[in-house]
Amino acid sequence: MDAKNMNKNRPDRRLFISQVALLTGALFIPGQLLLASELKKSPFKVAVIDLMILKRQKLSALQLTKDIGADGVEVDMGGLGSRDTFDSKLSDPLVRQQYLAKAKELNIEICSLAMTGFYAQSFAERPTYQRMVQDCLDTMKAMNIKVAFLPLGIKGDLVKFPELRPVIVKRLRVIGKMASKLGITIGIETALDARNELKLLKDVDSKSIKSYFNFSNAIKNGRDINEELRILGKRYIIQIHCTNDDGVWLQNDPKVNMKQIRNTLDDMGWKGWLVIERSRDAGNTKDVKRNFSANTAYVKSIFQNSL
């Protein structure tokens with residue numbers, strides 16, 4: 001073979017050296033940079049709740065969320081009581097703008113807007129429920145928030161009060177249409193097991209009404225979290241409250257096998273927000289930053305890294 005043909009078959013020396021350099025460099029990327037890369041690829045994000053970090057409708061909730069290490073925060077609509085609608089500071093355009101500006105500055109997302117006033121109030125019986133929900137939806141539209149949280153609560157417990165089911169289905173259909181017009185999804189939390197909650201959602205028959213799944217509801221009622229998730233399925237779960245009741249941190253809780261849950265969600269093809277609600281250390285429930293930082297770090301270690 002002549003020299004000319006030999007040069008054609010010989011790998012480009014400069015290209016070879018550059019490829020080796022890239023490969024070698026990748027092997028020595030600091031762990032923090034590799035983690036950052038994993039975070040960008042992760043289909044899961046982790047949030048806390050302003051109400052549970054004792055910052056209900058307080059702008060300072062955003063800085064505390066950042067300090068805790070979460071990616072986002074679920075913001076509450078404020079108290080309800082006997083009012084016609086929520087006692088919401090976010091009805092003020094100036095307050096909303098302050099929230100949006102601070103969130104952008106801190107690179108914190110507002111993952112959902114919560115109507116937790118319905119934990120103790122009856123969604124099935126309040127005459128101004130449409131105004132309440134509309135106020136929430138209008139706030140979401142103004143702040144570009146796509147998910148609302150609606151707990152049916154104590155007075156909407158369909159296990160204890162099955163007679164309320166027809167009116168709840170009817171009202172969920174109404175607010176489903178309201179949400180659909182704005183491109184918003186309302187995630188509901190019920191006391192039902194997954195099969196009955198799925199039946200409820202199918203009876204409502206609205207793409208804008210889905211399940212806001214809560215680990216603790218399954219645990220308290222002796223149900224398997226993974227089985228419940230699979231029954232509801234990817235299509236019907238919008239977000240997840242991924243904690244148990246207070247007692248121990250998630251990493252020390254024998255009732256929550258987080259790695260198994262991660263595998264289940266991966267198998268389902270589900271991705272989205274995991275929102276930390278409780279799981280505070282019973283011996284020190286008031287240390288907000290310590291409790292929520294520990295749980296956030298643990299959830300991220302499972303869901304934002306390769307298993």
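These values consider heavy atoms only, across backbone and side chains, with no hydrogens, waters or symmetry-generated copies.
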Where do [X] and [Y] come nearest, in terms of heavy atoms and distance?
X: M140; Y: A148; value: CE-N, 3.4 Å
X: I231; Y: L198; value: O-CD2, 3.5 Å
X: I225; Y: A218; value: CG1-CB, 4.1 Å
X: M258; Y: C242; value: CE-O, 4.0 Å
X: Q251; Y: A294; value: OE1-O, 4.0 Å
X: A47; Y: C111; value: CB-SG, 3.7 Å

Do the side-chain N and O atoms of [X] and [Y] include a donor-acceptor pair separated by under 3.5 angstrom?
X: K55; Y: S60; answer: yes
X: S216; Y: E277; answer: no
X: E197; Y: T190; answer: yes
X: D266; Y: N263; answer: no

Close side-chain approach of [X] to [Y], heavy-atom, < 4.5 Å:
X: V133; Y: M178; value: yes
X: R173; Y: D205; value: no
X: I188; Y: L201; value: yes
X: L200; Y: V169; value: yes
X: L152; Y: D157; value: no
X: N196; Y: D193; value: yes

Heavy-atom count around [X] [atom1] within 6.0 Å, excluding the residue itself: above 12?
X: N284; atom1: CG; answer: yes
X: K146; atom1: NZ; answer: yes
X: R83; atom1: CZ; answer: yes
X: R290; atom1: CZ; answer: no

Distance, nearest 0.5 Å, that separates [atom1] of [X] from [atom2] of [Y]:
X: I261; Y: F215; atom1: CD1; atom2: CZ; result: 4.0 Å
X: K102; Y: Q63; atom1: NZ; atom2: CD; result: 5.5 Å
X: K66; Y: L106; atom1: NZ; atom2: CG; result: 6.5 Å
X: N214; Y: E228; atom1: CG; atom2: CD; result: 11.5 Å
X: L250; Y: K255; atom1: CG; atom2: NZ; result: 12.5 Å
X: S293; Y: I68; atom1: OG; atom2: CD1; result: 5.0 Å

Who pairs with [X] by salt bridge (Lys or Arg N to Asp or Glu O under 4.0 Å), at least two apart in sequence or on another chain?
X: R56; answer: D76
X: R195; answer: none
X: E189; answer: none
X: D135; answer: R131

For the backbone of [Y] and the side chain of [X], can you confirm whether one donor and one acceptor N or O come within less than 3.5 Å of each other?
X: K210; Y: R235; answer: yes
X: S42; Y: F303; answer: yes
X: S301; Y: Y298; answer: yes
X: N295; Y: S279; answer: yes

task = Mind checking side chain to side chain contact (heavy atoms under 4.5 Å, CB included) for N257 and listing every partner two or more places apart, or none if nothing turns up?
result =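 Applying side chain to side chain contact (heavy atoms under 4.5 Å, CB included) to N257 gives K259, Q260.
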key: Sequence-distant partners of A179, side chain to side chain contact (heavy atoms under 4.5 Å, CB included), two or more places apart   =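 Side chain to side chain contact (heavy atoms under 4.5 Å, CB included) check on A179 returns L137, I184, I186, S208.
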request  = Can you spot which of D245, D246, N291 makes a side-chain hydrogen bond (donor to acceptor under 3.5 Å, both in side chains) with R280?
outcome  =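 Result for side-chain hydrogen bond (donor to acceptor under 3.5 Å, both in side chains) with R280: D246.
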Residues that Y99 engages under ring-ring contact (aromatic ring centres under 6.0 Å, His included), provided they are two or more places apart =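 Here no residue qualifies.
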Shared ILVMFWY cluster between [X] and [Y], side chains joined below 4.5 angstrom?
X: L158; Y: I154; value: no
X: L54; Y: I276; value: yes
X: I238; Y: L232; value: no
X: V147; Y: V46; value: no
X: V256; Y: V248; value: no

task = Start with the C-alpha gap between F118 and M132, add the side-chain angles, then the distance that decides, and say whether side chain to side chain contact (heavy atoms under 4.5 Å, CB included) holds.
result = CA-CA 10 Å; F118 280 114; M132 297 167 183; 3.5 Å; yes
task = Report the C-alpha distance between Q239 and V275 in whole Å, list the side-chain angles of each, state the deciding distance to 0.1 Å, and finish with yes or no for side chain to side chain contact (heavy atoms under 4.5 Å, CB included).
result = CA-CA 8 Å; Q239 285 186 358; V275 184; 4.1 Å; yes
task = Using the ring-ring contact (aromatic ring centres under 6.0 Å, His included) rule, collect all pairs that involve residues 245-293, keeping only residues at least two apart or in two chains.
result =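 Residue pairs with at least one partner in residues 245-293: there are none.
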message = With ring-ring contact (aromatic ring centres under 6.0 Å, His included) as the rule and sequence neighbours excluded, what pairs involving residues 185-212 come up?
response =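 Passing the test, one end in residues 185-212: F149-Y212, Y212-H241.
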task = Show your working on side chain to side chain contact (heavy atoms under 4.5 Å, CB included) between D71 and Q304 and close with a plain yes or no.
result = CA-CA 11 Å; D71 305 311; Q304 293 185 348; 2.9 Å; yes
query = Residues two or more places apart in sequence or in another chain: which of them pass side-chain hydrogen bond (donor to acceptor under 3.5 Å, both in side chains) with R230?
reply =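 Partners of R230 by the side-chain hydrogen bond (donor to acceptor under 3.5 Å, both in side chains) criterion, ordered by chain and then number, come out as D267.
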ask   = Looking at residues at least two apart in the chain, or sitting in another chain, which of them share a side-chain hydrogen bond (donor to acceptor under 3.5 Å, both in side chains) with D253?
value =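 Here the qualifying residues are N244.
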In residues 161-168, what donor-acceptor pairs under 3.5 Å come from side-chain atoms, sequence neighbours left out?
unit_1 : atom_1 : unit_2 : atom_2 : d
R165   : NH1    : D203   : OD2    : 3.1
R165   : NH2    : D203   : OD2    : 2.8

query = Got a salt bridge between R126 and D84, using NZ or NE/NH1/NH2 to carboxylate O under 4.0 Å?
reply =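 Answer for the salt bridge query: no.
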Pair K155 + E125, salt bridge at N-O below 4.0 Å =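 No.
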ask   = Would F44 and I302 satisfy side chain to side chain contact (heavy atoms under 4.5 Å, CB included), going step by step from the backbone distance to the final call?
value = CA-CA 10 Å; F44 303 101; I302 302 298; over 6 Å; no
